[in-house]
Amino acid sequence: SPAPWIPIIAAVSENQASLPAMSDTGNSTPLRIRVASIDSLSPTVRHFRFEPLDDLPESQLPTAQPGAHIDVQLPNGLVRQYSLINGPGETDHYAIAVKREPASRGGSQALHEQLRVGDLLASSVPRNNFTLRRDAEHTHLIAGGIGLTPLLAMARALHHMGRPYTLHHFAAQDTELLFQSELQAMSGEYLCHVGLTPSQTAATMAELLATPDAHQHLYLCGPAPMLQCARDTAAACQWPEHTVHFEYFSNPEARDDSSAFEVDLARSGLSLNVPAGQSLLSVLRENGVTLPSSCEQGACGTCRVTVLDGTPDHQDVYLSESEKARGDCLMSCVSRARSQKLTLDL
Ligand code: FES
């Protein structure tokens, strides 16, 4: 008969025991992870490797698709989203690369200055709002600066699958070109564009996107001006909208929350008023309707809600123009109503 199983009961530190398992906002942070290593990739970018807290050999983290991110609960209490750069099949750790932003709102600063190897953190399971299609005849990955991170995971996956791709990395200076030797050794074409002015970036983008193809797909990630330039160029060159995929770090547009409107929740039978100055998401939560959210500024798509009736006033940068025109969904963290009332599938 097999030897009896002996449970391993590890002592749990007070810090670990007090990590949040589930917030009251519908965001789950069920994973407890330990900082396994921190390495400098450049003067401003660090690579963090997180491993599951459990030391058992079979312990694995939930798998992540290329383009996915995790919400990390930082030591200073903030929750921030970071794209995973894991290669395919790597489930024994999560890896992220984070740039120290001079105008940090606390996230990159905490990671760079406070985090130490061995620290414990809480993380969500991976979420993917930037999914990679695997049936494209060719995939064009266009990254700006640290926007390389989700596209690196995609390049690793495409290389692994033997699918053709080209990765263009736009960077202000050479030190921003990360993972160069790995990318050069991979099967896809890898091109760097360093130190371009905005007009040179626009000209290069026009060259890259001059020939639209309905069987090829574009993935764009980077700072808002570069992303807007790439999207405008793709639209001007008549790339079909369904072939252009993009992910913003944040919503650069100013939001207008001066309107007040009503919402009917079709499933829960509630009618609520959203006053000026308050988001639809927070009104829903106050009334017991929990929705997951992540960026809370209209950039990530996590808080998407289906609209059954009424006209939304989108203020996000997540939806495409035609999705906005269809008006059948909205981002509850920033969107409001153009009609007096919206009916939502909640
Ligand atoms: Fe990111 Fe609403 S939480 S779009």
Side-chain angles (χ1 to χ4, degrees), residues 20 22-30 64-65 67-74 77-84 96 98 101 105-108 122-131 146-147 149-150 219-224 227-228 231 244-257 259 261 263 265 272 274 277-287 289-307 310 312-338 342 344-346:
M22 177 79 80
S23 76
D24 58 3
T25 60
N27 286 341
S28 70
T29 51
Q65 297 295 314
H69 70 269
I70 49 173
D71 296 344
V72 181
Q73 175 115 22
L74 299 171
L78 294 173
V79 178
R80 289 285 184 266
Q81 299 77 47
Y82 297 103
S83 295
L84 293 172
I96 61 173
V98 180
E101 296 292 349
R105 291 179 296 129
S108 67
S123 152
S124 69
V125 296
R127 257 199 290 268
N128 198 356
N129 301 321
F130 192 37
T131 44
I146 195 65
T149 50
Y219 290 83
L220 317 168
C221 186
L227 219 50
Q228 201 53 51
R231 289 181 63 193
V244 182
H245 314 265
F246 49 89
E247 183 170 76
Y248 282 81
F249 302 147
S250 58
N251 185 348
E253 310 292 337
R255 264 91 69 200
D256 174 8
D257 61 0
S259 62
F261 57 100
V263 283
L265 308 187
L272 306 171
V274 182
Q278 194 175 0
S279 72
L280 168 59
L281 181 65
S282 75
V283 170
L284 291 171
R285 285 177 175 165
E286 275 177 12
N287 288 276
V289 182
T290 52
L291 272 183
S293 67
S294 189
C295 70
E296 302 204 358
Q297 47 176 278
C300 74
T302 307
C303 64
R304 180 179 184 138
V305 173
T306 299
V307 178
D313 171 16
H314 301 284
Q315 297 193 36
D316 65 275
V317 287
Y318 177 78
L319 295 173
S320 66
E321 291 312 315
S322 65
E323 286 172 318
K324 286 182 181 174
R326 272 206 310 274
D328 57 4
C329 69
L330 55 71
M331 299 302 129
S332 58
C333 62
V334 292
S335 299
R336 308 188 74 79
R338 289 196 196 286
L342 293 175
L344 304 177
D345 187 13
L346 285 172

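The residues of the chain are indexed from 1 along the displayed sequence. All ligand and atom numbering here is 1-based and tracks the order in the structure.
Residue contacts to atom 1 (Fe) of ligand 1: Cys295 brings an N, O or S atom closer than 2.8 Å. In summary, Cys300 places an N/O/S atom under 2.8 Å from atom 1 (Fe) of ligand 1, meeting the contact criterion.
A donor-acceptor contact closer than 3.5 angstrom is absent between the side chains of Ser332 and Arg304. Judged by distance alone, the side chains of Glu101 and Ser108 never bring a donor and an acceptor atom under 3.5 Å apart. Under the 3.5 Å distance criterion, with hydrogens and angles disregarded, a donor-acceptor pair is assigned to the side chains of Asp313 and Gln315. Using modelled atom types, one finds no donor on one side chain facing an acceptor on the other under 3.5 Å when comparing Gln297 with Tyr248.
Taking a cut-off of under 4.0 Å to the non-hydrogen atoms of Glu296, the atoms of ligand 1 that pass are 1 (Fe), 3 (S). Set against the non-hydrogen atoms of Ala299, the atoms of ligand 1 under 4.0 Å away are 4 (S). Remark: ligand 1 atoms within the under-4.0 Å shell around heavy atoms of Gly298 are 4 (S). Proximity to Ser294 (heavy-atom distance under 4.0 Å) selects the following atoms of ligand 1: 3 (S). Counting the atoms of ligand 1 from 1 in the order shown, those under 4.0 Å from a heavy atom of Cys333 are 2 (Fe), 3 (S), 4 (S).
The existence of a salt bridge linking Asp256 and Arg336 is excluded, since no basic side-chain nitrogen approaches an acidic carboxylate oxygen closer than 4.0 Å.
Ring centroids of Tyr219 and His245 are separated by less than 6.0 Å, placing the two rings close together.
For atom 4 (S) of ligand 1, the closest non-hydrogen atom of the protein is Gly301 N, 3.3 Å. Of the protein's non-hydrogen atoms, Cys303 SG, 2.2 Å is the one closest to atom 2 (Fe) of ligand 1.
Considering only heavy atoms from C-beta on, Arg285 comes within 4.5 Å of Ser293 through its side chain.
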